[in-house]
Amino acid sequence: MVKKVTKKKVAPKKVAAKKPTKKVVAKKTAKKISPDAQAIESLVEIIRVTSTIIPNDVDRAIRKARGEEVSNTSASYAMDIMCDNIELAKTKSQPLCQDTGTVIFYIYHPPGFHQTPFIKLIHKAVTQSTKLGYLRQNSVDSLTGENAGTNLGAGHPSIHFVEHEKKELVVKLMLKGGGCENVSAQYSLPETTLGAGRDLAGVRKVILDAVVKAQGKGCGPGVLGVCVGGDRADSHAHAKRQLFRKLGERSKIKELAELEVEITETCNKLGIGPMGFGGKTTILDCLIDHRNRVPASFIVSVSYMCWAFRRQGATLDTKSFKLNKWLY
Amino acid sequence: MIELNYPFSQEAVRKLKVGDMVLITGKLFTGRDAVHKYLHEGNPSPVNLKNQIIYHCGPVVMKEKNGYKVTAAGPTTSIREEPYQWQVMRDHGIVGVIGKGGMGAKTLEACKEYGAVYFHAIGGAAQVLAEKITSVSNVYLEELGSPEAIWELNVEKFPVVVTMDSHGNSLHKDVEESSKANLKDLL
């Protein structure tokens with residue numbers, strides 16, 4: 001379901017791009033702004049919304065999970081605080097989580113779109129969002145430990161371009177925190193210690209192993225993005241891309257759809273619970289897809305996403321770069 | 001709900017048990033990966049940590065006219081400090097650590113030996129927790145970068161759960177063991 005921009009609940013500040021009908025864009029000039037300036041404004045707004053407002057599908061899943069925990073337990077206490085945090089972040093227009101994560105953009109564009117200038121605009125928007133506090137100073141030189149404070153650097157932000165046949169521009173953004181990234185996992189089957197062979201039964205075993213190893217360290221209840229097959233690099237990237245699917249959106253492949261449901265049910269019998277406190281809900285959903293593999297490899301990748309699930313997306317006009325519709 | 005107020009003491013934290021929900025009022029010092037490595041390497045702490053609580057946190061801090069304001073401040077994963085934490089407890093006399101995800105056997109042993117507890121804050125709850133920070137008194141080791149610096153924070157009713165106490169109990173150890181046993185049955 002795609003909603004109109006104006007339907008989205010708005011936070012008290014920096015709402016210009018979210019209220020296109022009120023003509024409050026560019027307070028000082030009150031005139032048309034250049035497409036480049038508009039692009040930066042739209043991108044900053046996408047970053048702000050991603051960092052501060054939990055997507056509706058995740059919000060529903062979290063509230064459902066809260067209802068299932070037994071009251072007066074550490075687990076229900078944790079879920080209460082999560083729900084309070086969701087409200088507070090939206091109201092104050094401040095980050096849901098202080099770890100504003102790896103900034104991962106997927107840009108879907110029509111043929112003929114110029115990528116290089118748009119990369120520069122993304123960089124400006126990221127720098128501005130860091131100054132505004134929507135992003136933490138979160139990019140560190142892996143060799144020197146230096147933090148330039150801009151969120152720009154080797155590989156940061158992560159930007160992927162995909163050509164599509166539509167006229168509009170689609171900008172998807174994920175802010176993936178370090179805690180959940182650290183508990184994400186990759187397996188090469190057969191995995192003898194787990195008795196996991198090269199079939200879906202083996203895939204199931206390694207996914208469950210990853211969840212047990214993660215315990216509460218990935219800020220559960222989390223969501224699993226899984227890729228069966230592919231090489232090590234694309235397998236993990238594709239696992240992560242599954243997290244752009246809405247929760248509850250089942251795989252079109254019957255066997256994978258069944259596995260998604262079964263994994264979620266089984267994980268929720270492990271007793272790890274919210275934040276690893278013990279309890280009913282260990283994961284909110286599991287989203288699986290597959291890639292072909294070479295005969296010698298059978299890679300399975302599990303990308304763990306925390307409950308503070310930051311992903312959003314919007315369609316933009318290709319010429320004016322004005323925000324049209326939110327995707328989640 | 002138990003209230004733990006500043007100044008903290010070994011005696012007060014020795015009374016806490018796994019499962020206790022605690023509201024902390026007083027002072028916290030943030031310290032995460034770089035700070036723990038720095039102290040582990042034998043460098044002197046820029047601030048006296050005796051009877052203090054270290055918070056595993058890299059906050060979002062905005063510079064304002066009259067100082068600093070913390071706008072997001074949830075816990076980071078504690079297990080990365082497992083190689084260092086016991087030593088920081090021994091050498092610096094801290095009485096508590098706040099983080100998320102729990103810590104391992106070395107830290108649990110150090111909690112028992114030196115009189116400290118592990119408090120679990122709710123990961124990802126950066127706004128609820130930042131609301132409890134009333135002011136920032138100081139910042140040390142800022143050269144490590146904002147998230148890695150030691151921020152001296154004043155807090156009021158900061159909500160945490162004791163998940164490792166000074167009597168050898170760990171909720172994390174228990175949940176890990178039971179979930180592994182459950183997994184065996186489910187495989």
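Convention: sequence-line order gives letters A, B, ...; per-chain numbering from 1.
- Between A/Phe277 atom CZ and B/Ile122 atom CD1 the span is 4.0 Å, to the nearest 0.5 Å.
- Top candidate by heavy-atom pairs under 4.5 Å with chain A, chosen from B/Gly101, B/Ala181, B/Ala34, is B/Gly101.
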Could you walk me through whether A/Met275 and B/Lys100 pass side chain to side chain contact (heavy atoms under 4.5 Å, CB included), step by step? CA-CA 8 Å; A/Met275 295 314 300; B/Lys100 76 170 172 83; 4.1 Å; yes
Exercise for review: Go through B/Arg80 and A/Asn182 one step at a time and tell me if the side chain to side chain contact (heavy atoms under 4.5 Å, CB included) criterion holds.
Suggested key: CA-CA 10 Å; B/Arg80 296 192 306 271; A/Asn182 289 346; 3.8 Å; yes
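- The structure places CD1 of A/Ile272 at 8.5 Å from CG of B/Leu183, a figure rounded to the nearest 0.5 Å.
- Within a 6.0 Å sphere centred on NZ of A/Lys280, heavy atoms belonging to other residues, nucleotides or ligands number 12 at most.
- Around CD of B/Glu11, the count of heavy atoms belonging to other residues, nucleotides or ligands within 6.0 Å does not exceed 12.
- Using a 4.5 Å cut-off between heavy atoms, B/Ala125 touches chain A through backbone and side chain atoms alike.
- Summarising the geometry, atom CE belonging to B/Met62 is positioned 7.0 Å from atom CG belonging to A/Leu132; distances are rounded to the nearest 0.5 Å.
- Closest approach of A/Asn85 and B/Val128 over heavy atoms only: OD1-N, 2.9 Å.
- Among B/Gly145, B/Ser146, B/Pro59, B/Ser178, the residue with the largest count of heavy-atom pairs under 4.5 Å with chain A is B/Pro59.
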Q) Is there a side chain to side chain contact (heavy atoms under 4.5 Å, CB included) between A/Leu270 and B/Leu186 once you walk through the steps? A) CA-CA 9 Å; A/Leu270 290 169; B/Leu186 294 163; 3.9 Å; yes
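- Per-residue heavy-atom pair counts under 4.5 Å with chain B were compared for A/Ile86, A/Asp84, A/Leu96, and the maximum is reached by A/Leu96.
- Heavy-atom pairs under 4.5 Å with chain B peak, among A/Lys131, A/Met82, A/Lys269, A/Lys213, at A/Lys269.
- Interface residue B/Thr77: only side-chain heavy atoms are found under 4.5 Å from chain A.
- Neither the backbone nor the side chain of A/Asp99 comes within contact range of chain B; no heavy atoms are under 4.5 Å apart.
- Proximity to chain A (any heavy atom under 4.5 Å) is shown, for B/Val175, by both the backbone and the side chain.
- The heavy-atom pair separating A/Pro95 from B/Ala126 by the smallest distance is O-CB, 4.0 Å.
- Taken from CD1 in A/Ile81 to CD in B/Gln127, the straight-line distance is 13.5 Å, to the nearest 0.5 Å.
- Interface residue B/Thr71: backbone and side-chain heavy atoms are both found under 4.5 Å from chain A.
- Under a 3.5 Å cut-off, the side chain of A/Gln98 and the backbone N or O of B/Gly74 do form a donor-acceptor pair.
- Judged by distance alone, the side chain of A/Arg136 and the main-chain N or O of B/Ala72 form no donor-acceptor pair under 3.5 Å.
- Remark: B/Glu148 CD to A/Asn147 CG distance equals 8.5 Å, nearest 0.5 Å.
- Of all heavy-atom pairs spanning B/Gly124 and A/Cys219, the tightest one is N-SG, 4.2 Å.
- The contact between A/Gln137 and chain B is made by backbone and side chain atoms together, counting heavy-atom distances below 4.5 Å.
- Of the residues considered (A/Glu87, A/Glu146, A/Arg204), A/Arg204 shows the highest number of contacts with chain B, using heavy-atom pairs under 4.5 Å.
- Residues A/Trp307 and B/Gly123 approach most closely at NE1-O, 2.8 Å, considering heavy atoms.
- To the nearest 0.5 Å, the span separating CG on B/Asp185 from OG1 on A/Thr266 amounts to 12.0 Å.
- Crowding of B/Lys27 atom NZ: a count of heavy atoms from other residues, nucleotides or ligands under 6.0 Å exceeding 12.
- Looking at B/Ile79, only its side chain comes within 4.5 Å of chain A, counting heavy atoms on both sides.
- Looking at A/Thr282, neither its backbone nor its side chain comes within 4.5 Å of chain B, counting heavy atoms on both sides.
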